[in-house]
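A quick write-up on the structure given underneath.
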Amino acid sequence: MKIAVLCSGNGSNLQAIIDGVKSGYIPAEIALVVSDRKDAYALVRAREAGVYRLALSIGDFKSREDFDREIMKNLKARGVDLVVLAGYMRLLSPEFIREYSDRVINIHPALLPSFKGTHAIRDALKYGVKVTGVTVHFVDEELDNGPVILQKAVDIREDDNEETLLERVHKEEHKLYPEAIKLFAEGKLKIDGRRVARQ
Ligand code: GAR
């Protein structure tokens, strides 16, 4: 199975996936890493792992659709079976989602449907919830909305700030994402409406 990992930033989840593939825990090959930012540290991680990289700027394209078509062209050329969003801070076009229907997954730093959007950690702290967590889910056309694959709770402590909470959330992400990708690669996930069964 071939996967593409789409990133925008640091790429610590990409690193966990690279390590999971290298150790044989994830039975898949990373066919390429795509970044929508040329300065993303994720690209350095991909280079160091010897993974093919593609860096694109939205400013070089006429539209979001054209941008996504360029990505799709590259995914097809490399025979990608699964698209893994790892801190990719851009919404995919409906055309992309249709083309890769049930084959795009995302990780979100909260227990969805709570705290959707780009500031989930900050929003959870601000709201004052005692428990937040991590969600891995299939991606549909709505933001942070598709069927949930795995979730893991993280307790919020009284003295937590964004940095300390992010650190514990990341720790869980780096275990949960490789586990979800492994399940997908082994053909063990079955989508039934909003529910995802493990077989
Ligand atoms: C991760 O915490 C991921 O859950 C979050 O971005 C971070 C990327 O970190 N994604 C979202 O907030 C998506 N809405 P990384 O670049 O170190 O993997």
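Whatever order the structure lists them in is the order used to number ligands and atoms, beginning at 1.
At a 3.5 angstrom cut-off on N or O pairs, Leu166 does not count as close to ligand 1. Considering backbone and side-chain N/O of Thr118, none are found under 3.5 Å from N/O of ligand 1.
Shortest non-hydrogen contact noted between Thr118 and Met89 is CG2-SD, 4.4 Å. Contact detail for Asp123 and Phe115: the closest heavy-atom pair is O-CE2, 3.5 Å.
Ranking protein heavy atoms by distance to atom 14 (N) of ligand 1, first place goes to His108 ND1, 3.2 Å. Counting only heavy atoms of the protein, atom 5 (C) of ligand 1 lies nearest to Pro109 CD, 3.8 Å. The protein non-hydrogen atom at the shortest distance from atom 16 (O) of ligand 1 is Gly11 N, 2.8 Å. Regarding atom 10 (N) of ligand 1, its nearest protein heavy-atom neighbour is Ile107 O, 3.7 Å.
Salt bridge annotation for Lys182-Glu186: present, with a cationic side-chain nitrogen under 4.0 angstrom from a carboxylate oxygen.
Of the candidates Val80, Val84, Val5, Val5 is the only one forming a side-chain contact (heavy atoms from CB on, under 4.5 Å) with Ile30. The one candidate from Gln151, His108, Glu173, Lys152 that meets the side chain to side chain donor-acceptor pair (under 3.5 Å) condition with Thr135 is Gln151. Exactly one residue among Ser8, Cys7, Ser12 makes a side-chain contact (heavy atoms from CB on, under 4.5 Å) with Asn10. That residue is Ser12.
Summarising the contacts of atom 15 (P) of ligand 1 with Ser12, Cys7, Ala120, Gly9, the nearest heavy atom is found in Ser12.
Judged by distance alone, with hydrogens and angles left aside, the side-chain atoms of Ser101 form no donor-acceptor pair with the main-chain N or O of Arg98 at under 3.5 Å.
Interface of Gly117 with ligand 1, defined as ligand atoms under 4.0 Å from a residue heavy atom, comprises 14 (N). The distance from ligand 1 to the heavy atoms of Met89 drops below 4.0 Å at these ligand atoms: 6 (O), 10 (N), 11 (C), 12 (O). For ligand 1, the atoms closer than 4.0 angstrom to any heavy atom of His170 are 1 (C), 2 (O), 9 (O). The contact set between ligand 1 and Glu173, taken as ligand atoms under 4.0 Å from a residue heavy atom, comprises 1 (C), 2 (O), 3 (C), 4 (O). Residue Gly87 has at least one heavy-atom neighbour below 4.0 Å for each of these atoms of ligand 1: 6 (O), 8 (C).
When side chains are defined from C-beta on, Arg53 does not count as touching Leu32, because their heavy atoms never get closer than 4.5 Å.
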